[in-house]
Q: 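One structure, pasted below without further comment.
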Amino acid sequence: MQDNDSVRGSWSSRWVFILAATGSAVGLGNIWKFPYIVGENGGGAFVLVYLACIACVGVPILMAEVLLGRRGRQSPVHSVRDVALEAGRSSRWSMIGIGGAVAGFLIFAFYSVVAGWVLAYMFHAANGSFTGAGSDHISGLFEQLLADPQALTIWHTAFVVLVMAVVIRGVNKGLEQAIRILMPSLFVLLLLLLMYALTTGSFGKSLHFLFDSDFSKLSWDGVLTALGHAFFTLSLGMGAMMVYGSYMPKQSSIATTLITVAVLDTVVALVAGMAIFPIVFANQLDPGAGPGLMFVTLPVAFGNMAGGQVFGFLFFLMVAIAAWSSAISLLEPAVTWMVEQYEISRARACIWIGLVGWTLGLGALASFNVGSDWLVLGMNFFDLLDFVTANLLLPAGGFFIAILVGWRITPSISRDELHLTTVNGYMIWHFLLRYISPVAVLVIFIANLYSKFQG
Ligand code: PFF
């Protein structure tokens, strides 16, 4: 490939890439989903498997994904195709990019519904709806919101509009400015919440819950969820990191940059867990309460702490922003692909994609009310979207990325892009990518199918 320059501009520095990639990685997955799936899967053993998946499967594939994007300098579909062709392989590898764009849509559909709940909670917090309220009242508020398709549609639509407003302008303009301030603020607020959790008297119990590894509580299903979540939280396997990589300056180190992103992402998830579980235990709530966990625990804390009204508002504002910077990256692969493929303007591509994402989201939000009995394989549409993307499409995308970069492209290409200064660094990465990541994905898949078949 002679001309590797991105036609769509690039991040102004390595730090901006780190912020944008962290903005994509840190989102509802960390603050909303991680704590509730830990709760559903019994705690410590799940956390341990999740951390192993991040380090041994997630990070190597993350590096491979960004490498493909920076080499190809286009949308994921075309980047993968061109790098495969450069290595003398079939252009059909570009299917990875197409699968990824589809996964992005499907995630966007349920993601924007949950982000809508967060927007609604920002207003609840600001209005003082949580002040002095007990956990029963707060659970009631959440149930009321879910039962109201009209309210859900309004919040969902508001979120989709916010996302489209940035994607239309191009991610590396508006987004850069916003995340410079917003990501550090999110960290500060989480730490404040952690300090509140320390005062509940249940902090020790929650640490045991999060870090004591009792493997008898973990099923194969839980292991698949941990693996799927490692992909989900790192925005992996669907081209989001690839498209961000396509804007990455050529001289930046992919390895150190992405290890930083993975560490930041993991720290946010663990801190969110350490902030939420003490409140769960102190109020005799159920840690396995599922998707509503964050929406019924944290408001209890905000309602009963000094300054909770302001603090609660700021917290949900920050979660909304974290969701927003992630959702932008969910649509970017599909938008860049449409622009390149059909030679249409970015605005037109955004409108089409936004409309499809919004419509699918209506189906997802109906799962909690009018469509609660539309079940496929025992799951409502919302759960189905989550299961199919996190547990099937993202790991499958990651698997094929590992095979392509680990086995099919020449090491000279990956060495050239990674320019790892130590020989050992390259060897460890290449080993993990060739042998550990794809094998782990396959074993977990097969074990899960087997246990379902048995059970
Ligand atoms: N990583 C995001 C989160 O944890 O909330 C979700 C996500 C964003 C997944 C972008 C995939 C993606 F491409």
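The model shown is predicted, which means the values in this text are computed figures rather than measured ones. Each ligand, and each atom within it, is numbered from 1 in the order the structure gives.
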Q: Consider ring-ring contact (aromatic ring centres under 6.0 Å, His included). Of Phe281, Phe203, Phe46, which one does Phe209 pass it with?
A: Phe281
Q: Can the ring centroids of Phe302 and Phe311 be said to lie less than 6.0 angstrom from one another?
A: yes
Q: Do me a favour and list the nearest non-hydrogen protein atom to atom 8 (C) of ligand 1 with residue, atom name and distance?
A: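 Heavy-atom neighbour on the protein nearest atom 8 (C) of ligand 1: Ser235 OG, 3.3 Å.
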Q: Asp265 and Asn30: side-chain donor and acceptor closer than 3.5 Å?
A: yes
Q: How about Tyr121 and His124: are their ring centres within less than 6.0 Å of each other?
A: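 Yes, close enough.
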Q: Checking the N or O distance criterion of under 3.5 Å, is ligand 1 in contact with Phe232?
A: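 Yes; the residue has a nitrogen or oxygen that sits under 3.5 Å from a nitrogen or oxygen of the ligand.
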Q: What atoms in ligand 1 come closer than 4.0 Å to a heavy atom of Leu28?
A: 5 (O)
Q: Taking ring-ring contact (aromatic ring centres under 6.0 Å, His included) as the criterion, tell me which of Phe110, Tyr111, Phe368 meets it with Trp117.
A: Phe368
Q: Within the structure, is a non-hydrogen atom of Ser329 found at a distance of less than 4.0 Å from ligand 1?
A: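 The answer is yes, since Ser329 has a heavy atom less than 4.0 Å from ligand 1.
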Q: Quick test of your reading of the structure: of Ile31, Leu330, Ile107, whose heavy atom lies closest to atom 12 (C) of ligand 1?
A: Leu330
Q: Any salt bridge linking Glu332 with Arg346? Criterion: basic side-chain nitrogen under 4.0 Å from a carboxylate oxygen.
A: yes
Q: CG of Leu258 to OG1 of Thr22: how many Å apart, nearest 0.5 Å?
A: 9.0 Å
Q: Which of the numbered atoms in ligand 1 are under 4.0 angstrom from any heavy atom belonging to Ala240?
A: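 So the answer, numbered in order with elements, is 13 (F).
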Q: As an exercise, identify every atom of ligand 1 less than 4.0 angstrom from a heavy atom of Tyr111.
A: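 In order of numbering, the contacting atoms are 2 (C), 3 (C), 5 (O), 6 (C).
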Q: Taking distance alone, with N or O pairs closer than 3.5 Å, would you say Leu234 contacts ligand 1?
A: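 Checking ligand 1 against Leu234, no N or O pair falls under 3.5 Å apart.
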Q: Within ligand 1, which atoms have a heavy atom of Met238 less than 4.0 Å away?
A: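 Listed by number with element, the hits are 11 (C), 12 (C), 13 (F).
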Q: Which ligand 1 atoms are under 4.0 Å away from a heavy-atom of Ala25?
A: 1 (N), 2 (C), 3 (C), 4 (O)
Q: Please confirm whether Phe34 and Tyr50 have ring centers closer than 6.0 angstrom.
A: yes
Q: Below 4.0 angstrom from a heavy atom of Thr233, which ligand 1 atoms are there? Numbered from 1 as shown, please.
A: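 Numbered from 1, ligand 1 contributes 1 (N), 4 (O).
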Q: With a cut-off of 4.0 Å, which atoms of ligand 1 are near a heavy atom of Ser24?
A: 1 (N), 2 (C), 8 (C), 10 (C)
